[in-house]
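This report concerns only the one structure given below.
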Amino acid sequence: MAAQDCIAENSVTEATQESNRHLRVGYASRYPDYSRIPAVIMKGRWLAAAGFDTGTEVDVRVMKGCIVLMAKEVPEEKPQDEAEPELMQALRRVEKLSKWKQKQVWEFIDGVAGKRV
């Protein structure tokens with residue numbers, strides 16, 4: 001049934017017998033009535049090897065008989081010496097201010113940063 005309902009596209013990497021994982025749906029307890037709800041727990045170094053390291057955000061697509069997990073790509077960060085302080089990033093979001101206030105903020109940024117990016 002899952003084969004006809006799952007519309008995941010084939011990727012370049014093929015699944016091998018070693019990369020298959022078998023899990024069983026268990027349950028988790030829900031407070032306050034302690035009712036049982038279905039739960040699947042995945043853990044292991046194989047998750048990191050597959051691109052799901054600790055802290056990775058995951059998109060989940062749910063279809064009947066098929067669940068697809070996709071790791072979100074992390075945008076590259078600027079090198080530390082080029083990283084802009086959080087205050088400066090916040091100041092650059094001036095779209096909601098009046099034109100007069102925007103001008104003041106830009107002058108402040110120019111004065112602190114020494115340039116306008």
Side-chain angles (χ1 to χ4, degrees):
M1 180 168 200
Q4 74 185 39
D5 292 331
C6 186
I7 58 172
E9 295 180 17
N10 292 335
S11 64
V12 177
T13 308
E14 290 186 27
T16 63
Q17 190 63 28
E18 295 80 35
S19 66
N20 288 339
R21 301 288 181 227
H22 299 280
L23 305 169
R24 180 167 296 186
V25 178
Y27 71 91
S29 194
R30 179 187 251 167
Y31 183 81
D33 61 353
Y34 299 103
S35 61
R36 292 181 173 189
I37 55 173
V40 176
I41 297 173
M42 293 188 284
K43 57 185 172 182
R45 291 189 180 99
W46 60 272
L47 285 167
F52 295 87
D53 208 353
T54 303
T56 302
E57 291 188 28
V58 179
D59 285 327
V60 181
R61 180 145 188 207
V62 180
M63 297 157 280
K64 186 160 180 67
C66 181
I67 298 174
V68 179
L69 304 175
M70 295 169 287
K72 287 188 177 181
E73 292 191 23
V74 179
E76 288 188 30
E77 293 184 18
K78 294 180 183 179
Q80 192 63 18
D81 57 335
E82 293 180 24
E84 191 172 47
E86 191 174 328
L87 174 62
M88 294 297 284
Q89 291 175 7
L91 288 174
R92 289 190 188 281
R93 291 182 232 127
V94 297
E95 304 86 35
K96 295 181 180 178
L97 299 177
S98 68
K99 294 288 183 192
W100 182 75
K101 285 287 187 186
Q102 287 181 24
K103 184 179 179 209
Q104 284 186 322
V105 170
W106 282 115
E107 287 173 358
F108 175 75
I109 290 172
D110 289 343
V112 172
K115 61 182 176 181
R116 191 174 191 176
V117 179

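For reference, positions follow the sequence shown, starting with 1.
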Worked verdict on T56 versus K72 for side chain to side chain contact (heavy atoms under 4.5 Å, CB included): CA-CA 7 Å; T56 302; K72 287 188 177 181; 5.7 Å; no
Could you give me the CA-CA distance, side-chain angles and deciding distance for I67 and V60, then say whether side chain to side chain contact (heavy atoms under 4.5 Å, CB included) is met? CA-CA 7 Å; I67 298 174; V60 181; 3.9 Å; yes
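Cluster partners of Y34 are Y31, counting Ile, Leu, Val, Met, Phe, Trp and Tyr whose side-chain heavy atoms approach within less than 4.5 Å, directly or via other members.
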Do any side-chain atoms of residues 35-55 form donor-acceptor pairs under 3.5 angstrom with protein atoms, and if so which ones, sequence neighbours left out?
{"from": "S35", "atom 1": "OG", "to": "D33", "atom 2": "OD1", "distance (Å)": "3.3"}
{"from": "R36", "atom 1": "NH2", "to": "Y27", "atom 2": "OH", "distance (Å)": "3.3"}
{"from": "W46", "atom 1": "NE1", "to": "K43", "atom 2": "O", "distance (Å)": "3.2"}

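When side chains are defined from C-beta on, M70 does not count as touching V58, because their heavy atoms never get closer than 4.5 Å.
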